[in-house]
Amino acid sequence: MGSRVDEEYDYLFKIVLIGDSGVGKSNLLSRFTRNEFNLESKSTIGVEFATKSIQAEGKTIKAQIWDTAGQERYRAITSAYYRGAVGALLVYDISKHPTFENVERWLKELRDHAEANIVVMLVGNKSDLRHLRAVETDEAMAFSEQHNLAFIETSALDASGVDTAFQRILTEIYRLMSRRNMQAEEAAAGSSLSAGQTISLSDGGKKKKGCCA
Amino acid sequence: MTSTTSVTYTAPSSSSSSSSPKMAPQRRSPAIDNLTISTVTSNSSMEIDLRRVSSMPERGGVETVMSNSDEEDIIRKSQSEGAKPLLKLDQYGFISNMDKDGVVVPTTDSQKKATTQNGKNASTTSVEQRRTTKWNIMLNSWSNVMKRRPKLVLKRLRKGIPHEQRGKVWLTLCHVKEQQQKNPGLYESYVNSKESPNKAFLTVQETIEKDIHRTFPRHSLFYDDGNDSEAEMVNSPFGGSLLDSPDRYNDEETERGIVEGQASLKRVLKAYSLHDPDVGYCQGMNFIAGMFLTIVTEEEAFWMLVAIMSDQPCYMRGLFGEGMRETHKVLYVAEHLVHQFLPRLAKHFDKENIHVTMYATQWLLTQYTSSFGFDLVLRVWDCFLQEGWKITYRVMLAILQEFQSRLLQLSFEEILAFMRDLPERIEDGGKLVTTSIHIPLRKKHILKLEREWLAKQDQH
């Protein structure tokens, strides 16, 4: 890691990258956090991690992103990382229809292991492979509306949509959280805070010590 | 100025797919048909290069340059494609003149010289020669030595097997010859198996397919320069498989768009998935099988995979099977060993919420093959094949110890970023393995923790 000045941030959001093997999760992560694309990236074994901060509605939001191995049996290891995640990018490959068909199974995985109010964005990656497209945008859009998911197509290779995808999910989480905070405050003002309304997002203001020179 | 002799071998004009009934040639000796000798001058004052140049007709000429220096250089050049830069290989066959985007950058003569010369001094050479002689003697009376002096064998394994003998020793340790004799034709039958493609089988093959291009793309055996539509035969001395008559397993649909090394890897993994359907294929196995292919021939790599998956002391199939149950066990043991042997670091990790699964999963699951330099990897495997998991944990502890003072100063995110680049920070992997041997970890420590883990499982 090069020297990285530690920034302050208002909010810290944990995001997980999930989806079938080979859909490009690791490259989405490296494109977003380091603006790199690796043609010869190796399969992810277990989990990998990176962070990046963005600005949204005047706030600095730091995303802590966990990239997970895609093969089904790895869920035994990776599902532990869903805990505490407030957002998930569920990635499929627009040139491989089976990776889209598996999206339902990934949603179930999130229902079983993640927080109930996790924000999920469906991401159709490899949009640069136009001539090989196997999942039509309309099809994916309809699916995401039906399941109440945000949706975007990206290409980690040519970078299109990548920043937007992260920007949108982080902004949406922020808005949702602000709204819940507000509701909670109102509720607290009226009566006592109802149980089960705790917001699992860690609050801002946390400053990191030192930097790695 | 010394002049060096260069020997040019020209392959026959038939293409590599012609099915001339080739006998499996000896490992690490490329097929030779015609040869011409020319003279090359070099500025190096240290050594005389023995240069081997092979030219493959369908590639328009592939040049392999080999020197007998410390860092053996193999340079491959495709002459017909003119501007294509030479591939400069390290002693394990990895391409060293490739930038981080995977682009091969031209080597200048001065660079070439820098790596080809810095020769070893006479004493290292003689140490290596002595070592080689010792290993030859041992190999000649293997069962006897193993029976009477197992500690000596272990001691020598821990010092590292001379690379030229590594394949032979590994095959002996894994009883590959015996397996092959007991199961003649089995590997071939898996490779050629056209069994009714049920869904499970297809899923496994698809997963393998996805990983073929993602396994050591920087190794000359698996390097795909992207413009070849048919199997490419690389006359590199790395990877026995390439020399194990590539025609043998090539069936029609095989290997369009993938290089021969990748095709071998695919066949080995497919064969294993048929041999052990309960495990099938699990990501991570690709690195292990791929590493084997850089040392032994294709069928041997398969039998080695079988041995390390299902035989003691390695017994890795429990890690890779459905549920990956024993991966949890190994990580449990690892976590506790860090506490036991590096308490200060463990305390710091606890404080920063760093868990062993975050950094060591791939180290342990792939026995370091997936991201570490082969100077470390091969030394680990020299021991692992004989003594099992003790070396794995020891090396993990040695790595953490090596960087402990640095890690103690880092916070959560910094630690994970550091861990990601850690393999590149290791300057001398061989030395690190040597250091690790002195860590006072005993088998009983491991067994105790394994029993603990098992007891916890029963409670659930």
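A note on names: the letters A, B, ... follow the listed sequences, proteins ahead of strands, and every chain is numbered from 1. All values below were derived from every heavy atom in this structure, side-chain atoms included, with hydrogens, water molecules and symmetry-related copies excluded.
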J.: Report the option among B/Gln283, B/Gln362, B/Met324 that has the most heavy-atom pairs separated by less than 4.5 Å from atoms of chain A.
T.: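 Heavy-atom pair counts peak at B/Gln283.
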J.: Heavy-atom distance under 4.5 Å to chain B: side chain of A/Tyr74, backbone, both or neither?
T.: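 Its backbone and side chain both get close to chain B.
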J.: Between A/Ile77 and B/Thr361, which heavy-atom pair has the shortest distance, and what is it?
T.: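 A/Ile77 and B/Thr361 have their closest heavy atoms at CD1-CG2, 4.5 Å.
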J.: Heavy-atom distance under 4.5 Å to chain A: side chain of B/Phe287, backbone, both or neither?
T.: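 Contact with chain A is through the side chain of B/Phe287 alone.
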J.: Quick check: does any side chain N or O of B/Lys210 sit under 3.5 Å from a backbone N or O of A/Ser21, one acting as donor and the other as acceptor?
T.: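 Confirmed, B/Lys210 side chain pairs with A/Ser21 backbone.
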J.: Between A/Phe49 and B/Phe412, does the ring centre distance come in under 6.0 Å?
T.: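 Under 6.0 Å, so yes.
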J.: Quick check on the interface: out of B/His328, B/Glu209, B/Met419, who has the most heavy-atom pairs with chain A under 4.5 Å?
T.: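 The residue among B/His328, B/Glu209, B/Met419 with the greatest pair count is B/His328.
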J.: On a heavy-atom basis, which atom in A/Arg73 and which in B/Gly323 lie closest, and how many Å separate them?
T.: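 Nearest pair, atom of A/Arg73 first, then B/Gly323: CB-N, 4.3 Å.
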J.: So which heavy atom on B/Tyr281 is nearest to which on A/Gln71, and how close?
T.: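 That would be O-NE2, 2.8 Å.
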J.: Mind checking the CG-CG spacing from A/Leu39 to B/Asp224? Nearest 0.5 Å is all I need.
T.: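 It is 10.5 Å, given to the nearest 0.5 Å.
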J.: Taking atom types as modelled, is there a side-chain donor on A/Thr44 or B/Arg214 under 3.5 Å from an acceptor on the other?
T.: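 There is no such pair (donor and acceptor under 3.5 Å, judged by atom type) between the side chains of A/Thr44 and B/Arg214.
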J.: Contact between A/Trp66 and B/Met358 at the side-chain level, heavy atoms closer than 4.5 Å - yes or no?
T.: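 They are in side-chain contact.
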J.: Give, as side chain, backbone, both or neither, the part of B/Thr207 having an atom under 4.5 angstrom from any heavy atom of chain A.
T.: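 The side chain, not the backbone.
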J.: How long is the span from the NE2 atom in B/His355 to the OH atom in A/Tyr81, to the nearest 0.5 Å?
T.: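 That separation rounds to 7.5 Å.
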J.: Taking all atoms of both residues into account, what is the closest heavy-atom pair of A/Ser43 and B/Asn286, and its distance?
T.: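 Result for this residue pair: OG-ND2, 3.5 Å.
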J.: Quick check for you: among A/Gly46, A/Ala76, A/Gly70, which has the greatest number of heavy-atom pairs under 4.5 Å with chain B?
T.: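 The answer is A/Ala76.
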J.: In terms of heavy-atom proximity below 4.5 Å to chain A, should B/Ser371 be classed as side chain, backbone, both, or neither?
T.: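 Both parts, backbone and side chain.
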J.: Walk me through it: do B/Glu413 and A/Lys62 pass the test salt bridge (charged side-chain N to carboxylate O under 4.0 Å, His left out)?
T.: CA-CA 12 Å; B/Glu413 284 171 17; A/Lys62 180 165 186 169; 2.7 Å; yes
J.: Using a 4.5 angstrom heavy-atom cutoff, name the option from B/Thr327, B/Thr366, B/Asp211, B/Leu331 with the most pairs to chain A.
T.: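 Most heavy-atom pairs within the cutoff with chain A belong to B/Asp211.
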J.: Between CD1 of A/Ile45 and CG of B/Leu364, what distance do you get to the nearest 0.5 Å?
T.: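 Reported to 0.5 Å precision, the distance equals 12.0 Å.
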J.: A quick test of your reading: do over 12 heavy atoms of other residues, nucleotides or ligands sit less than 6.0 Å from CD of B/Glu427?
T.: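 Counting neighbours around CD of B/Glu427, 12 or fewer heavy atoms of other residues, nucleotides or ligands fall under 6.0 Å, so no.
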